[in-house]
Amino acid sequence: MKLITNFTLFVVLIVLLFVSCNTDFIGSVQNFRFQIPFYFYVNYYDKSIPDTSRIFANLNEYEEFTKNKSRLEQAEIVQFNYWIDSLVFGNNQPFDPNKDTLIIENVKFLLVFAKPKANVVNPRDTNDFEPDTSLPTFLLGEFNQVDVSDFYRKPHHIYVISTEISQVLTEVVRNRPYFYLISEYGKVIGQTSPKKYFSLIFVRFDVVIRFTLSI
Amino acid sequence: MLIFNKYINLIFFVLFSFSLWSKDIVITRNFVLFTSKNLEGYLQPLFTTVNQSLNSSLFGLSNLDGKFRATINFSFSSLLIPDDHKWFDAEIPEGFYDTSVTLTAQIRDGKIQNGVFNPNKQPTIFGGSSTPIFAAPQNHFYPDSFYKTIAYPEGLHLDLMVGLPVLQLIVETPLKNEVRFRFLTIPVQEESFVFFTIGLNQRFDHWFDLFGFDRCKNLNLHFAFHRMYRGTSFDLTSFSLGLNTTNQFNNNILGYFGIQYEDLWGHFKAIKDTTGLNQDVVNNPFRELREARPVQISLKTFTKWQIRGGLTFIFSFGFINFDLSYATQPMISFGLGLFFEKKNDEINN
């Protein structure tokens, strides 16, 4: 009889273990997470630096986002990279990464949330939005002595978004999935004139966003 | 039932997400989360879990003495997910291997690394976070322009996974065997999902008089066959075949131990909606996704062998049992049984 009592107690413990496991399982299976890259291709013509460039991103233009919006629990920006695809000097000579040296004093990447302009009922494109000054600007990364050769069609400048920033972004992105990626370019090393002109600069941002959907 | 529903939801969400749901599964060609190979690798540990739990509770619940008895048995299990079931070698677009086409980089172990890795470790459904591979095409034209940054789905961050619960009818017959039946059908998005199991546990020691007059020891062969299907798109077959022995220590306690070979196979197939394919190319680094080829995966299990031992405590109304199982996903199981009819007399040692 004692053996049965002990065994029954043991079974109760096992049941409790199972209940806790099941709770974890059921909790885990509430959600499905995946990462998707978003590509932001920006082409500048007759660009001069120092300068600040702004890319508008509206996730509503992406099917992966809009289709799952109703089930969206979280949307976190986890990583992004930045690279220069093409560059042509002011004298129309293309930049050659093996020959030319071009070093920019510093480059800053910032994220600013956008909001529809007050008088726009159905915002569609970048002209219908403006920076939301009620929310903080997030510094994603700042780099000094940026050698353009090292960014020229090279994908290894990957920036990880910190958890603290990511959590703030989650709350905003879910409800207002539009933002600006801002890049601030300093002077070119050795630059004597106030502005240095380029005929063409094509830059690329690949932003990876983690979506959590409820099943 | 909640766990079973969660299971079905999970499997079908992953398999059929973004689908248009019809008798034949048709998926929008913008479904780019998985290639067939990656979906197969992502789900294989889950089907291992399914297979192991399907092939549980197949023996050890009774002393097969030839007396008729019918029992309803419910059991559930929990499986320990080993680390090597948390990742798989994910497919990489072919252009990523050619540095004249595209250059790639990714963060591994906290460091930025150039190029692709072999194996390209990405999480399975039980794993953690995935690793995106950033790519910079070296030219603006085809094929370079296709080979852009890719990312992968993530796992559920699970160390322990609940097995598929078992609800079965066990009928002991005068032939000193017991037959098991499991059956379930539920509607899943306009189509019936059907599951059934037929199992046989046959005592054979008495044919060779292995234990003499000892009626408490059994040596048995067990076999089970399982099928799950939904329309023509999802089909899973599993079986197990094994040898087990039981010893009834007294009227209340029965110990059991067994070894079994098991396997699982099946397929999932979904076709892509190719409307407008020629006008609007899906710009994706994976050729399969660009060309809107069907999603077609083979269902597989890591587990081929399972060794199981446990104890069954028998009461007047039924039994409870507990066992441990050694397999690629070590498992503990707990079961309850309710007798429809009690045997005429009990064992007298």
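Chain identifiers are assigned alphabetically (A, B, ...) following the order of the sequence lines, protein sequences preceding nucleic acid strands; residue numbering begins at 1 within each chain.
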The interface call for B:Ile112 against chain A, heavy-atom contacts under 4.5 Å, is side chain
So what's closer than 4.5 Å to chain B heavy atoms on A:Phe38: side chain, backbone, both or neither? neither
CG on B:Leu156 to CG on A:Asn31, rounded to 0.5 Å: 8.5 Å
Tell me, side chain or backbone of A:Phe202 under 4.5 Å from chain B's heavy atoms, or both, or neither? side chain
Distance col, row B:Ser130:OG vs A:Arg210:CZ, nearest 0.5 angstrom, shows 7.0 Å
Looking at every non-hydrogen atom in both residues, tell me the closest pair between B:Leu103 and A:Lys154 and how far apart they are. CD1-CG, 4.1 Å
Residue part contacting chain B, namely of A:Val160, when any heavy atom lies under 4.5 Å: side chain
Looking only at heavy atoms, what is the nearest atom pair of A:Phe32 and B:Glu154, with distance? CE1-O, 4.4 Å
B:Gln113 portion near chain A, given a 4.5 angstrom heavy-atom threshold: neither
Taking CG in B:Asp109 as the centre, count heavy atoms belonging to other residues, nucleotides or ligands within less than 6.0 Å. Is the count above 12? no
Can you tell me which portion of A:Thr212 sits under 4.5 Å from chain B's heavy atoms? Options are side chain, backbone, both or neither. neither
Quick one: pull up CG in A:Asp85 and NE2 in B:His140 and give me the separation to the nearest 0.5 Å. 3.0 Å
Hey, is the main chain of B:Thr149 close enough, under 3.5 Å, to the side chain of A:Tyr39 for a donor-acceptor pair? yes
Between B:Pro123, B:Ala105, B:Ala136, the one whose heavy-atom pairs under 4.5 Å with chain A are most numerous: B:Ala136
If we ignore hydrogens and angles and just use 3.5 Å, is the side chain of B:Gln138 paired with the main-chain N or O of A:Arg153 as donor and acceptor? yes
Of the non-hydrogen atoms in B:Phe134 and A:Asp206, which two are nearest, and what is the gap between them? CE2-O, 3.5 Å
Side-chain heavy-atom pair A:Arg33, B:His157 within 4.5 angstrom cut-off: yes
Any side-chain heavy-atom pair of B:Pro153 and A:Gln35 under 4.5 Å: no
Go through the atoms of B:Ile150 and report whether side chain, backbone, both or neither lie under 4.5 Å from a heavy atom of chain A. backbone
